[in-house]
Amino acid sequence: MAWVVLVLSGLLETGWALSLKASDGFSRLWPSVGFVVLAVLSFAGLSWALRTLPVGVAYGVWVGIGAVGTAVLGILIFGESVSVLKIVSLVLIVAGVVGLNLSGAQHA
């Protein structure tokens, strides 16, 4: 169950990062409110998952999911640039998350 909560928390990290962008420096009310709500939920989920998962693995997975999700949605929603180097870098982040997950499974 901790892994499910961790993955959902990573997805919420993507949500709060996109809300932060949409808030335009906290000058827009609803994206700013969305940022606060999603950030609190994301950190609460990470905190809950850390009760049973190793911190290095859990935090790495949480950040990896958030980073990849934010980069992909930044490309799709905000029209950010895409390049071969960016795609390769995202694949390497996913590979790192998978590697952390596999290493953590042996010690959790």
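One-based numbering along the sequence shown. Since we're looking at a predicted model, the values are computed, not measured.
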**OP:** For Leu18 and Phe35, run side-chain contact (heavy atoms from CB on, under 4.5 Å): C-alpha distance rounded to whole Å, both residues' side-chain angles, the deciding distance at 0.1 Å, then the answer.
**Re:** CA-CA 8 Å; Leu18 295 174; Phe35 163 78; over 6 Å; no
Subject >> Verdict with supporting geometry, Leu38 and Glu13, side-chain contact (heavy atoms from CB on, under 4.5 Å) >> reply: CA-CA 7 Å; Leu38 293 170; Glu13 184 189 0; over 6 Å; no
Original post:
Does the pair Val57 and Leu53 meet the rule for a side-chain contact (heavy atoms from CB on, under 4.5 Å), with working shown?
Top reply: CA-CA 7 Å; Val57 173; Leu53 298 175; over 6 Å; no
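Put simply, Val98 and Val88 are part of two different groups of oily side chains (I, L, V, M, F, W, Y) that touch within less than 4.5 Å, one to the next. Cluster annotation: Val84 is not connected to Ile75 through the hydrophobic network of ILVMFWY side chains, with a link wherever side-chain heavy atoms come within less than 4.5 Å. No continuous path of ILVMFWY side-chain contacts below 4.5 Å connects Leu102 to Leu92, so the two sit in separate hydrophobic clusters. The hydrophobic clustering, which links ILVMFWY residues whose side-chain heavy atoms are closer than 4.5 Å, places Val91 and Val63 apart.
By the 4.5 Å side-chain criterion applied to Ile, Leu, Val, Met, Phe, Trp and Tyr, Leu85 is assigned to no cluster and stands alone.
Residue Gly45 comes nearest to Ser9 through the heavy atom pair CA-OG, 3.0 Å, listed as atom of the first residue, atom of the second, then distance. Closest of all the heavy-atom pairs between Gly64 and Val97 is CA-CG2, 3.6 Å. Shortest non-hydrogen contact noted between Val68 and Ile93 is CG2-CG2, 3.4 Å. What you find for Leu6 and Ala58 is that their closest heavy atoms are CD1-O, 3.6 Å. Closest non-hydrogen pair, Thr52 versus Ala2, comes out as OG1-CB, 3.2 Å.
Side chain of Thr70 to main chain of Ala67: no donor-acceptor pair is present (N/O by atom type, distance under 3.5 Å, no hydrogens or angles). Ser32 places a side-chain N or O within donor-acceptor distance of the main-chain N or O of Arg28, the cut-off being under 3.5 Å.
We find the CD1-CG distance between Ile65 and Leu8 to be 9.0 Å, quoted to the nearest 0.5 Å. For the atom pair CG of Leu41 and CH2 of Trp16, the computed distance is 13.0 Å after rounding to the nearest 0.5 Å. To the nearest 0.5 Å, atoms CG (Leu11) and CG (Leu73) are separated by 9.5 Å.
A donor-acceptor contact closer than 3.5 angstrom links the side chains of Trp62 and Ser42.
Residues Trp3 and Val61 are in side-chain contact: their nearest non-hydrogen atoms beyond the backbone lie under 4.5 Å apart.
Checked options Val82, Leu90, Ile87; the residue passing with Val72 is Leu90 (criterion: side-chain contact (heavy atoms from CB on, under 4.5 Å)).
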